Amino acid sequence: LATAYGALGESDKAVETIVRAYERTSSDAAKAALAQEVAAQDDLFPKLLDKFPDDKALRLGQAKYLATKHVAENRFQQAVNVLSGIQSDFPDDLELLNQRASALMKLANWKAAEADYARVIALETDEGRRRDAERSRSEVQLRLGQYKAGASAYFEQMLLAPGDVWLQRN
């Protein structure tokens with residue numbers, strides 16, 4: 001509804017609608033998801049920030065939006081900067097850690113990427129996503145010259161998922 005109001009040039013109604021939705025949202029995760037959607041609307045998001053200047057979930061949504069945008073534009077250092085800026089408030093956010101690790105890999109910052117992937121592996125409860133992080137970490141280990149650890153991790157993944165498309169393309 002807020003998007004429709006915005007498209008019609010009724011930004012005050014759009015802001016009111018977003019503020020109401022934000023106030024009625026109970027979890028930080030839902031607030032961050034809403035903020036991530038609103039962050040794409042350059043005219044509305046600053047007004048939402050004015051209403052909730054100290055809201056960490058709002059900043060989280062903005063960071064996720066900006067990081068995704070920077071990565072899509074191949075601006076990996078900017079993505080790392082945005083993600084690192086919010087990481088201290090959300091040290092266990094797996095999406096942030098994964099995004100930053102991936103951007104760090106694009107920058108060939110292997111040690112930092114390895115640390116982020118190690119953290120993801122320690123926290124991730126979904127088996128498939130944890131395996132993805134383990135595969136990425138093994139690639140980083142190989143690039144760091146940690147051949148025994150990296151090769152061992154690759155071998156383990158081949159045994160766990162021999163038909164995995166990821167392994168076939170590498």
Side-chain angles (χ1 to χ4, degrees), residues 22 25-42 45 48-49 52-161 163-170:
Y22 199 78
T25 303
S26 59
S27 75
D28 282 346
K31 286 181 177 183
L34 176 62
Q36 191 171 353
E37 292 297 319
V38 177
Q41 301 177 30
D42 294 332
F45 193 76
L48 189 58
L49 278 175
F52 306 100
D54 298 322
D55 193 301
K56 289 182 181 182
L58 188 61
R59 297 286 181 186
L60 176 62
Q62 180 187 36
K64 288 181 178 184
Y65 166 76
L66 290 173
T68 301
K69 181 179 175 190
H70 291 322
V71 167
E73 296 168 350
N74 294 320
R75 296 173 31 199
F76 303 111
Q77 187 59 58
Q78 289 88 338
V80 168
N81 294 346
V82 166
L83 294 165
S84 295
I86 195 77
Q87 194 73 43
S88 62
D89 289 331
F90 300 92
D92 296 339
D93 188 297
L94 292 168
E95 185 180 350
L96 291 178
L97 286 166
N98 268 312
Q99 278 187 304
R100 188 170 70 177
S102 179
L104 288 163
M105 281 186 70
K106 295 290 188 181
L107 295 168
N109 189 338
W110 308 121
K111 286 184 181 184
E114 199 273 337
D116 278 357
Y117 280 127
R119 184 92 173 118
V120 170
I121 292 164
L123 295 172
E124 185 59 75
T125 57
D126 180 85
E127 183 68 27
R129 289 192 301 259
R130 187 173 56 249
R131 272 203 317 255
D132 288 343
E134 288 169 345
R135 289 181 198 122
S136 295
R137 183 181 183 201
S138 66
E139 180 181 344
V140 169
Q141 289 171 326
L142 291 171
R143 292 181 183 272
L144 282 169
Q146 299 170 0
Y147 301 116
K148 187 175 180 179
S152 175
Y154 267 126
F155 182 69
E156 184 178 324
Q157 290 306 313
M158 284 189 282
L159 291 175
L160 290 173
D164 195 319
V165 175
W166 185 89
L167 292 171
Q168 292 173 6
R169 71 176 164 91
N170 287 308

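The residues of the chain are indexed from 1 along the displayed sequence. If you're wondering where the values come from, they're calculated on a predicted model, not measured in any experiment.
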With a 4.5 Å limit on heavy-atom distance, are the side chains of Glu124 and Leu94 in contact?
yes
For Asp55 and Tyr22, run side-chain hydrogen bond (donor to acceptor under 3.5 Å, both in side chains): C-alpha distance rounded to whole Å, both residues' side-chain angles, the deciding distance at 0.1 Å, then the answer.
CA-CA 11 Å; Asp55 193 301; Tyr22 199 78; 2.8 Å; yes
Among residues at least two apart in sequence or on other chains, which ones pass salt bridge (charged side-chain N to carboxylate O under 4.0 Å, His left out) with Glu95?
Lys64
Find the distance between CG (Leu58) and CZ (Phe52) and round it off to the nearest 0.5 Å.
8.0 Å
Phe76 and His70, any side-chain heavy atoms less than 4.5 Å apart:
no
Contact check, side chains of Asn109 and Val80, non-hydrogen atoms, under 4.5 Å
no
If I compare all heavy atoms of Ala67 with all of Val82, which pair ends up nearest, and what's the gap?
N-CG1, 4.3 Å
Do Leu49 and Arg59 pass the side chain to side chain contact (heavy atoms under 4.5 Å, CB included) test, and can you show the C-alpha distance, the side-chain angles, and the key distance before you say yes or no?
CA-CA 8 Å; Leu49 278 175; Arg59 297 286 181 186; 3.7 Å; yes
Spacing of Glu37 atom CD and Phe45 atom CZ [to the nearest 0.5 Å]:
11.5 Å
Could you work out, with salt bridge (charged side-chain N to carboxylate O under 4.0 Å, His left out) as the rule, every residue matching Arg119, not counting sequence neighbours?
Asp92
For a quick test of reading the model, state the closest non-hydrogen atom pair linking Trp110 to Arg143 and the distance between them.
CH2-CD, 3.0 Å
Write down the atom of Met105, the atom of Ala113, and the distance for their closest heavy-atom approach.
CG-CB, 3.8 Å
Closest heavy-atom contact between Gly85 and Ser88?
O-OG, 4.3 Å
Heavy-atom side-chain contact between Gln99 and Val71 under 4.5 Å:
no
Spatial distance of atom CG (Asp116) from atom CZ (Arg100) [nearest 0.5 Å]
4.0 Å
Before you tell me yes or no, could you show the steps for Leu97 and Leu123 under side chain to side chain contact (heavy atoms under 4.5 Å, CB included), namely the whole-Å CA-CA distance, both residues' side-chain angles and the distance that decides it to 0.1 Å?
CA-CA 10 Å; Leu97 286 166; Leu123 295 172; 4.0 Å; yes
Start with the C-alpha distance between Arg135 and Glu139, add both sets of side-chain angles, then the distance that settles salt bridge (charged side-chain N to carboxylate O under 4.0 Å, His left out), and finish with yes or no.
CA-CA 6 Å; Arg135 289 181 198 122; Glu139 180 181 344; over 6 Å; no
Residues 25-34, side-chain donor-acceptor partners within the protein, below 3.5 Å, at least two apart:
from, atom 1, to, atom 2, distance (Å)
Thr25, OG1, Ala21, O, 2.6
Ser27, OG, Ala30, N, 3.0

Taking all atoms of both residues into account, what is the closest heavy-atom pair of Ala133 and Ile121, and its distance?
CB-CG1, 3.8 Å
How long is the span from the CZ atom in Arg75 to the CG atom in Leu66, to the nearest 0.5 Å?
9.0 Å
Side chain to side chain contact (heavy atoms under 4.5 Å, CB included) between Leu104 and Lys111, intermediate numbers included:
CA-CA 9 Å; Leu104 288 163; Lys111 286 184 181 184; over 6 Å; no
Side chains of Asn98 and Tyr117: does their closest heavy-atom pair fall under 4.5 Å?
yes
Should Glu134 and Arg131 be marked as a side chain to side chain contact (heavy atoms under 4.5 Å, CB included) after you check the CA-CA gap, both sets of side-chain angles, and the distance that decides it?
CA-CA 5 Å; Glu134 288 169 345; Arg131 272 203 317 255; 3.9 Å; yes
Nearest 0.5 Å, what's the OG1-CD distance between Thr68 and Glu73?
11.0 Å
Does any non-hydrogen side-chain atom of Glu114 lie less than 4.5 Å from one of Gln141?
yes
Side-chain heavy atoms of Lys69 within contact of Gln78, under 4.5 Å
no
Which pair of non-hydrogen atoms, one from Ala153 and one from Ser138, has the smallest distance, and what is that distance?
CB-CB, 3.3 Å
Rounded to the nearest 0.5 Å, what separation is found between the CG atom of Asp126 and the CZ atom of Arg130?
8.0 Å
Within-4.5 Å side-chain heavy-atom neighbours: Leu60 and Asp89
no
